[in-house]
Protein chains: 2
Amino acid sequence: MADVAAEAHVSVKTVSRVVNREPGVRPDTEARVRAVIERIGFSRNGGGHALLTRTQTIGLVIEDLANPFYSQLGAAVEREARIRRYQLITASAEGSPTRQRGILKGLVARRVDGIVIVPADDVPATDPALVATGTPVVYVDRPVRGEAADIIVSDNAGGVRSAVEHLVAHGHRRIGFLGDLPDYWTARRRREAFVDILASLDLPGEPRVAMGPHTDDSLATVLAGWCRGRDPVTAVITGNNRVTLTVLHALRRADLRLALVGYDDFEFADLVDPPVTVVHQDPGALGQKAAQQLFGRLLGDESPPHTVVMPTRLIVRSSGRVPATAPAGAPPAGPRSPRRT
Amino acid sequence: MADVAAEAHVSVKTVSRVVNREPGVRPDTEARVRAVIERIGFSRNGGGHALLTRTQTIGLVIEDLANPFYSQLGAAVEREARIRRYQLITASAEGSPTRQRGILKGLVARRVDGIVIVPADDVPATDPALVATGTPVVYVDRPVRGEAADIIVSDNAGGVRSAVEHLVAHGHRRIGFLGDLPDYWTARRRREAFVDILASLDLPGEPRVAMGPHTDDSLATVLAGWCRGRDPVTAVITGNNRVTLTVLHALRRADLRLALVGYDDFEFADLVDPPVTVVHQDPGALGQKAAQQLFGRLLGDESPPHTVVMPTRLIVRSSGRVPATAPAGAPPAGPRSPRRT
DNA sequence: TTGAAAGCGCTACCAA
DNA sequence: TTGGTAGCGCTTTCAA
């Protein structure tokens with residue numbers, strides 16, 4: 001900025017005014033300054049600026065960027081940030097609370113203006129490091145214990161309920177639940193909801209539940225077990241997109257055909273055979289809502305913290321339909337239709 | 001830092017030394033300072049630090065965080081960054097060169113130490129705004145025109161070749177190519193490779209090529225057309241993961257059964273019926289390589305810029321196999337096995 | 001082993 | 001309409 005000032009024969013303050021579009025600069029002065037800026041390719045150092053004002057940066061702490069659920073959530077947060085000329089620092093904790101704390105420390109050190117976080121189990125709302133700085137934080141996908149906080153979660157109990165009710169309506173009485181690691185709050189929450197709902201529906205027998213970690217093999221064993229003996233399981237509900245993927249492999253491996261409702265929608269759900277009915281929670285909506293809430297705080301919204309529960313939606317696929325690939329009566333036309341290779 | 005200094009009865013400089021683990025501080029002094037830091041919850045303001053040194057931040061500019069290809073690439077870059085205690089600013093250009101330029105300006109203003117970017121078509125290696133700052137840039141997934149630069153791309157021609165050869169080996173003679181928008185360099189590159197390879201193999205007739213934008217409907221029409229008349233297409237190759245998804249829908253809609261090789265692997269490729277053979281390019285490896293190259297530059301690597309071409313791998317699924325869901329001779333056992341609902 | 005002072009690039013405040 | 005000065009939080013240099 002000093003360089004620009006010297007070249008344009010004005011003071012630093014005037015350059016600052018031009019850069020920040022502050023009023024009170026004569027048009028010809030402004031033009032001269034802008035010309036110099038253009039010529040020497042000046043760009044304001046955000047660091048110096050941030051020292052006096054805001055960093056115009058928010059942090060996003062998620063579990064794993066490579067998981068479509070989180071990347072969609074992240075894309076939404078990023079879009080909200082870009083609209084407001086904010087930049088987004090993304091970091092994945094990959095299931096480690098320690099790493100999550102490290103990430104938070106880093107974000108605080110960067111003096112981000114706000115944080116959207118998928119909190120690990122042991123990050124309380126009153127994390128001293130955060131509270132001290134007064135950085136606004138919005139928790140998403142999972143709540144935090146302790147003080148009131150801005151929380152955006154999806155309706156886990158409702159989602160599980162819609163899955164169970166759908167299956168029951170189709171005549172299933174023995175339904176199993178396959179959850180992810182009980183380390184995850186959402187996994188526990190959905191398991192709990194499952195058990196409660198089964199109880200309220202007066203279905204016979206003990207609920208069958210298996211939590212992660214699952215592998216294709218381990219699940220195949222579990223499922224085979226559930227299908228043996230008297231009153232075998234006829235349908236399963238998964239706890240999230242990762243489990244759904246594993247279950248589909250396991251079903252194939254064990255050569256089982258069970259009714260399935262997956263938690264989380266996925267792009268190829270209608271292309272799998274048979275198509276997979278899912279509980280859809282919109283990660284984009286979750287992220288957008290969280291970002292909007294955060295920017296609200298940054299704009300001075302001082303209303304009491306509140307929790308938003310986003311609805312889930314059951315997407316029914318293939319209900320009763322016979323899979324298109326195995327037409328009951330009509331063999332594929334033609335002498336030998338080419339197969340995908 | 002001044003606060004800490006006052007509380008600990010030392011100078012600011014001494015606190016700085018402790019924070020940065022510089023030698024030459026008496027153990028008891030250090031202990032005293034650390035105690036105060038702990039007590040008042042001090043954390044160094046990265047902004048002030050960055051003014052004198054580096055920001056310890058890199059930027060990642062991609063097309064769309066919600067696309068699994070880019071989110072996996074991003075996850076890899078992020079991991080490399082985290083290992084080095086760097087933070088990552090992510091931004092999606094969403095196909096707009098203008099937006100990409102805006103993003104770059106923002107990153108330069110933030111004084112990121114380096115940038116990994118999936119360049120839009122008209123961002124030359126000699127982008128003045130970038131070159132002026134001397135910020136190291138690594139281009140990934142697509143090259144840039146102009147001066148030599150660090151570029152990590154995957155072996156697009158090789159990938160397409162492996163797809164074509166695979167199909168030809170299975171007896172296909174009429175193969176179509178379905179590419180994404182020709183605005184994308186990768187889309188053009190793969191089309192070009194496709195045409196070249198067909199020519200080199202002496203396959204009969206003009207190559208059938210259709211570039212995006214595609215919808216389920218438009219593709220269904222295109223494919224139906226290709227399958228009519230004398231010498232119909234018997235196999236298609238897609239240009240990327242998005243096209244693959246659309247093609248699968250279109251095939252279903254038009255009730256066609258064509259051999260298919262998809263560009264880009266996807267999680268459910270083996271669960272679709274029939275399973276989808278794909279050209280796998282490892283987005284994580286691409287991102288990791290790019291990040292490593294970038295950090296090499298940050299560590300002072302002054303070797304001439306170079307281009308790395310990452311190999312692709314053909315993942316054959318279901319070759320010749322009859323889909324498990326339509327067993328030729330044996331109808332499903334049991335009176336009526338439960339279906340997924 | 002410790003500290004004082006200057007300055008990184010910018011904005012806030014007040015004066016001209 | 002314009003500019004000077006102080007200071008944001010930190011590191012660097014040099015002196016004690």
Side-chain angles (χ1 to χ4, degrees), chain A residues 1-37 40-57 85 87 105-113 132-135, chain B residues 1-37 40-57 85 87 105-113 132-135:
Chain A
M1 221 168 217
D3 296 354
V4 177
E7 289 278 323
H9 305 293
V10 293
S11 76
V12 185
K13 176 67 217 188
T14 300
V15 178
S16 171
R17 275 192 261 260
V18 171
V19 168
N20 298 306
R21 293 174 162 64
E22 283 172 29
V25 180
R26 238 179 25 217
D28 60 323
T29 312
E30 170 167 353
R32 192 151 35 95
V33 172
R34 286 210 183 284
V36 175
I37 288 178
I40 70 177
F42 166 83
S43 114
R44 179 179 73 185
N45 184 322
H49 182 252
L51 226 39
L52 288 302
T53 63
R54 284 178 163 179
T55 56
Q56 308 258 79
T57 304
R85 324 214 66 202
Q87 292 197 319
K105 271 180 121 163
L107 292 177
V108 167
R110 245 75 166 187
R111 299 295 190 267
V112 293
D113 295 341
T133 64
T135 312
Chain B
M1 218 166 218
D3 295 356
V4 177
E7 289 279 323
H9 305 291
V10 294
S11 75
V12 183
K13 175 66 215 183
T14 299
V15 178
S16 172
R17 276 192 260 258
V18 170
V19 169
N20 298 306
R21 294 175 161 63
E22 284 172 29
V25 180
R26 236 178 27 216
D28 60 324
T29 313
E30 170 166 352
R32 191 151 35 97
V33 172
R34 287 210 182 283
V36 175
I37 288 179
I40 70 177
F42 166 84
S43 116
R44 179 177 73 186
N45 184 322
H49 182 253
L51 226 41
L52 289 302
T53 61
R54 283 178 162 179
T55 56
Q56 309 257 79
T57 304
R85 323 214 68 201
Q87 291 197 319
K105 273 180 118 165
L107 291 176
V108 168
R110 244 77 168 185
R111 299 296 190 269
V112 293
D113 294 341
T133 63
T135 312

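Order of the sequence lines sets the chain letters (A, B, ...), proteins ahead of strands, with each chain counted from 1. Here the structure is a predicted model, which is why all the values come from computation and not from measurement. We use all heavy atoms of the structure for the numbers below, so side chains are in, but hydrogens, waters and symmetry mates are not.
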Taking only side-chain N and O atoms of [X], does any of them lie within less than 4.0 angstrom of OP1 or OP2 on [N]?
X: A:H49; N: C:dT11; value: yes
X: A:T53; N: C:dT11; value: no
X: B:N20; N: D:dT11; value: yes
X: B:R111; N: C:dC8; value: no

> What is the bend of the helix from C:dT1-D:dA16 to C:dA16-D:dT1 when you compare the axis at one end with the axis at the other, using five pairs each and rounding to 10°?
Replying inline: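 Overall, the helix from C:dT1-D:dA16 to C:dA16-D:dT1 bends by 30° from one end axis to the other.
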
> Is it the case that A:S43 and B:R111 place a side-chain donor and acceptor less than 3.5 Å from each other?
Replying inline: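 Indeed, the side chains of A:S43 and B:R111 share at least one donor-acceptor pair under 3.5 Å.
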
[atom1] of [X] versus [atom2] of [N]: gap in Å, rounded?
X: A:I40; N: C:dG9; atom1: CD1; atom2: C1'; result: 13 Å
X: B:N45; N: D:dC10; atom1: CG; atom2: P; result: 5 Å
X: A:L52; N: C:dC13; atom1: CG; atom2: P; result: 10 Å
X: A:L51; N: C:dA12; atom1: CG; atom2: C1'; result: 13 Å
X: A:R110; N: D:dG9; atom1: CZ; atom2: C1'; result: 15 Å
X: B:E22; N: D:dC10; atom1: CD; atom2: P; result: 14 Å
X: B:R54; N: C:dC8; atom1: CZ; atom2: C1'; result: 16 Å
X: A:Q56; N: C:dC10; atom1: CD; atom2: C1'; result: 14 Å

> Looking at A:A5 and A:V12, what are the two nearest heavy atoms and their distance?
Replying inline: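 Taking A:A5 first and A:V12 second, the nearest heavy atoms are CB-N, 3.8 Å.
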
>> Ignoring hydrogens, what is the shortest heavy-atom contact between A:V36 and A:A8? Give both atom names and the distance.
In response: CG2-CB, 3.8 Å

> Of all the nucleotides listed (D:dT11, D:dC10, C:dT11), which has the minimum atom distance to the side chain of A:M1?
Replying inline: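 Nucleotide nearest to A:M1's side chain: C:dT11.
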
Could you tell me the separation between the [atom1] atom of [X] and the [atom2] atom of [Y], rounded to the nearest 0.5 Å?
X: B:E22; Y: B:E30; atom1: CD; atom2: CD; answer: 11.5 Å
X: B:D113; Y: B:T57; atom1: CG; atom2: OG1; answer: 6.5 Å
X: B:R110; Y: B:K105; atom1: CZ; atom2: NZ; answer: 13.5 Å
X: B:M1; Y: B:H49; atom1: CE; atom2: NE2; answer: 8.5 Å

Which atoms of nucleotides 1-4 of chain D (N or O only) lie under 3.5 Å from a protein N or O atom, and what are those distances?
| unit_1 | atom_1 | unit_2 | atom_2 | d |
| --- | --- | --- | --- | --- |
| D:dT2 | OP1 | A:T29 | OG1 | 2.5 |
| D:dT2 | OP2 | A:R26 | N | 2.7 |
| D:dT2 | OP2 | A:T29 | OG1 | 3.4 |
| D:dG3 | OP2 | A:S11 | N | 2.9 |
| D:dG3 | OP2 | A:S11 | OG | 3.3 |
| D:dG3 | OP2 | A:T14 | OG1 | 2.6 |
| D:dG3 | N7 | A:R17 | NH2 | 2.6 |

> Given the rule in the side-chain contact (heavy atoms from CB on, under 4.5 Å) test, do B:S16 and B:N20 qualify, once you have shown the distances and angles that lead to the verdict?
Replying inline: CA-CA 6 Å; B:S16 172; B:N20 298 306; 3.3 Å; yes

>> Which residue is it: A:V33, A:I37, A:T14? I am looking for the one with a side chain to side chain contact (heavy atoms under 4.5 Å, CB included) to A:V19.
In response: A:I37

